[in-house]
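Taking it in order: structure first as structure tokens, then the write-up.
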Amino acid sequence: MKKYNYFDDDDSAIESVRERVREADAVETTKHDKTEIFDAIKAFSRTSGERVVTVARTALSRNPFEELEYASKRKKRFVTVVLFIVFIIFFVTLVTATVMSVNKENKRIQQFNADAGSTCSQYIVNYGNTNYENLYNKYKIRGYRMTGLCYVREMDFNRDNTSELFLIYNDSGVYYSDVWGYNDDGKFALLFHEKAAQTKKKKDDAWVTIYSRNNRYYIGLHDEKDVSSVALYGMRGDEFEKRMSCNYDKDAEAFTVRGKVDAASFERIKLAVLSEQKANVIVNQVETLTDGFSTSSDDAAVKAAELGTSLNGSYYKIVEGLNQKYGAAKFVERNGYAYIDGLAVVDLVDFNGDGTDELVTVYRKTVKTRKESDNGKYVPTEEEKYYFEVYRYNGTSAVIAYKGEGISNSLNNEREQYYILHKENGRTLYCQNSFSSKNYGRTVKATSTILKLEKTAFETNFKASYTTDYGYTEYFIDDKEVRKSAFRDEGYLVPFFDGGTDYDASTFFVTYLQRKSSEASSVKPQVEKTVSKIKELNKSYHPQ
């Protein structure tokens, strides 16, 4: 009988059985390896072994690549959160540091303005107010020379972002230049004092030389015996010392540095043998700057620049500051004239037609000025002037948009004071007439301007002017000379500029602030109008 051998006859069956045996051995081996891993983990950490074992079992039961990806995502989220927190901390720190820096800078500026204002005031007491005199009257020399406190300028001599105060003054006919600034002890002190370039001859110039290089300023000292030799003094620390030299050609009024003519880096501040126009410009510049020094620390606009206030709140802060400084509106009759004293006008006007009102203020204050006496000398005097200001609201605070010294007057009565607003095409324009005369009316200067609010400030929209000198008259429109006929047709756009009294009351609005006592009825109601407008800003306002 034949025997069958299944293993010999079916090789595939044999191989299948062998494969099953290998798989069984692998399973046993894996179980054995896992058991050894778990035992090792337990032995490594007795306190948290079971928890680690649980994690290990989970990890071993999953795809290791998936676990790595999951861990990577968690790490990315963690890093993102940390970076966000770090950014917030950095941003807050940056904002805080910026605010502190701005506050520190504002305090520094206010301190400088206060110190500079006090110093200028002392110079005026010692040497006189900024003025000029006619050299011809005394020396038969044509031209004018500066007197008193002649020149004032805020400068940074050593480029340390801290200002110094540069002054020039006339002491008994001799000019001196001084520099005031903060010394190493933090005190506002005199850092430089020297004579200006001058000779004993009154017909010669007198001047101070300023040289600028790499944003630094130097004062040039000319040798008294030879003005062509110049030593340039610069500031190091809190002292001035000689830093370099140059040459000066008096005839050509040119400076030479290292053999090369330098026309761009030098400035000559002339003090004598000036035209009257130039002397008057210097006076106005000095008065504007010194007035800013003395008032900037408590300026109403600065006080009002507080974030988060409403339009009414911001404007009221301006009004409150001006009221405290100049007094509330008050009707006065004196010396044949009726006028409004103090803060004469408060009004709300939409100048640019954007639906948001601007604040109009007009106040009266005493200013120092000069008048020519009968013998041709210019003598210092005082007069009352009105100042016209407009503030706009920028969404958070009130900021200045226009400031003008003086308002309109009349050809036949320069003491009459008024201002004009003109409504046109949805906008409101500010108009001003200015007349001045001398030699019993034989010499007349007249200017008429129309200004409009563009974006953040007022700009001149139209200007007409004429000058009459003993019967000869020149006419100008927008600073271009024109014929009398053209001026007659185009120059008299603003009421009263032609000397007449008629105007279109439906488009032009005239407010009188000073007139003869016989016309007081046109002035007196302004006090009530001002009070009424202030109460629109703050209902609790009560004039004192």
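Note that this is a predicted model, so its numbers are computed, not measured.
Side-chain contact annotation: Arg159 with Tyr217, donor-acceptor N/O pair under 3.5 Å absent. With hydrogens and angles left out, the side-chain atoms of Thr366 and Glu382 include no donor and acceptor closer than 3.5 Å. A donor-acceptor contact closer than 3.5 angstrom is absent between the side chains of Tyr176 and Asn170. Residues Asn394 and Thr396 have side chains that bring a donor and an acceptor to within less than 3.5 angstrom of each other. Thr147 and Glu133 share no side-chain donor-acceptor pair at under 3.5 Å. The closest side-chain donor-acceptor pair between Tyr386 and Arg364 falls under 3.5 angstrom. Side-chain contact annotation: Arg268 with Tyr248, donor-acceptor N/O pair under 3.5 Å present. At a cut-off of 3.5 Å, with distance as the only test, a side-chain donor of Thr199 or Asp204 sits close to an acceptor on the other residue. No side-chain donor-acceptor contact under 3.5 Å links Ser310 and Asn312. No side-chain donor-acceptor contact under 3.5 Å links Ser229 and Asp226. Between the side chains of Asn433 and Tyr418, at least one donor-acceptor pair of N or O atoms lies under 3.5 Å. A donor-acceptor contact closer than 3.5 angstrom is absent between the side chains of Ser118 and Gln122. Looking only at atom types and distance, the side chain of Thr209 has no donor-acceptor partner in the side chain of Glu267 under 3.5 Å away. Gln514 and Tyr512 are not linked by any side-chain donor-acceptor pair at a separation below 3.5 angstrom, with hydrogens and angles left out of the test. Residues Arg153 and Tyr151 bring a donor and an acceptor atom of their side chains to less than 3.5 Å of each other.
Using a 4.0 Å cut-off between charged side-chain N and carboxylate O, Glu459 and Lys452 make no salt bridge. Remark: Glu384 does not engage Lys365 in a salt bridge, criterion side-chain N to carboxylate O under 4.0 Å. Between Lys317 and Glu320 there is no salt bridge, since no side-chain N of the basic residue sits under 4.0 Å from a carboxylate O of the acidic one.
Nearest heavy-atom pair across Lys202 and Leu135 is O-CD1, 4.2 Å.
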Practice item. Would you check, one step at a time, whether the test side chain to side chain donor-acceptor pair (under 3.5 Å) holds for Asp115 with Tyr182? Key: CA-CA 10 Å; Asp115 291 334; Tyr182 295 98; 2.6 Å; yes

Practice item. Take Val273 and Lys203 through the test side chain to side chain contact (heavy atoms under 4.5 Å, CB included) and record every step on the way to the result. Key: CA-CA 7 Å; Val273 198; Lys203 65 180 182 62; 5.8 Å; no

Point to revise | Trace of the side chain to side chain donor-acceptor pair (under 3.5 Å) decision for Glu389 with Tyr363 | key: CA-CA 9 Å; Glu389 296 181 352; Tyr363 55 85; 2.7 Å; yes

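By the neighbour-count criterion of 12 heavy atoms within 6.0 Å, atom CD of Glu224 is sparsely surrounded, having that number or fewer from other residues, nucleotides or ligands. In Lys463, the NZ atom is not crowded: 12 or fewer heavy atoms of neighbouring residues, nucleotides or ligands sit closer than 6.0 Å.
Aromatic ring centres of Tyr430 and Phe351 lie farther apart than the 6.0 Å criterion allows. In this structure, Phe240 has its ring center no closer than 6.0 Å to that of Tyr218.
Aromatic ring pairs are classed by plane angle as parallel below 30°, tilted from 30° to 60° and perpendicular above 60°; the pair Tyr315 and Tyr393 is perpendicular. Using cut-offs of 30° and 60° for the angle between ring planes, the Tyr144 and Tyr132 rings count as perpendicular.
Two residues are said to be in side-chain contact when any heavy atoms from C-beta on lie closer than 4.5 Å; Tyr211 and Ile219 fail this criterion. Counting heavy atoms from C-beta outward, Leu232 and Leu221 have side chains that stay 4.5 Å or more apart.
A side-chain donor-acceptor contact under 3.5 Å links Gln198 to the backbone of Tyr175.
Atoms OG and CD1, on Ser434 and Ile407 in that order, are 11.5 Å from each other to the nearest 0.5 Å.
Taking the side chain to side chain donor-acceptor pair (under 3.5 Å) definition, one finds that Asp171 meets it with nothing, sequence neighbours left out.
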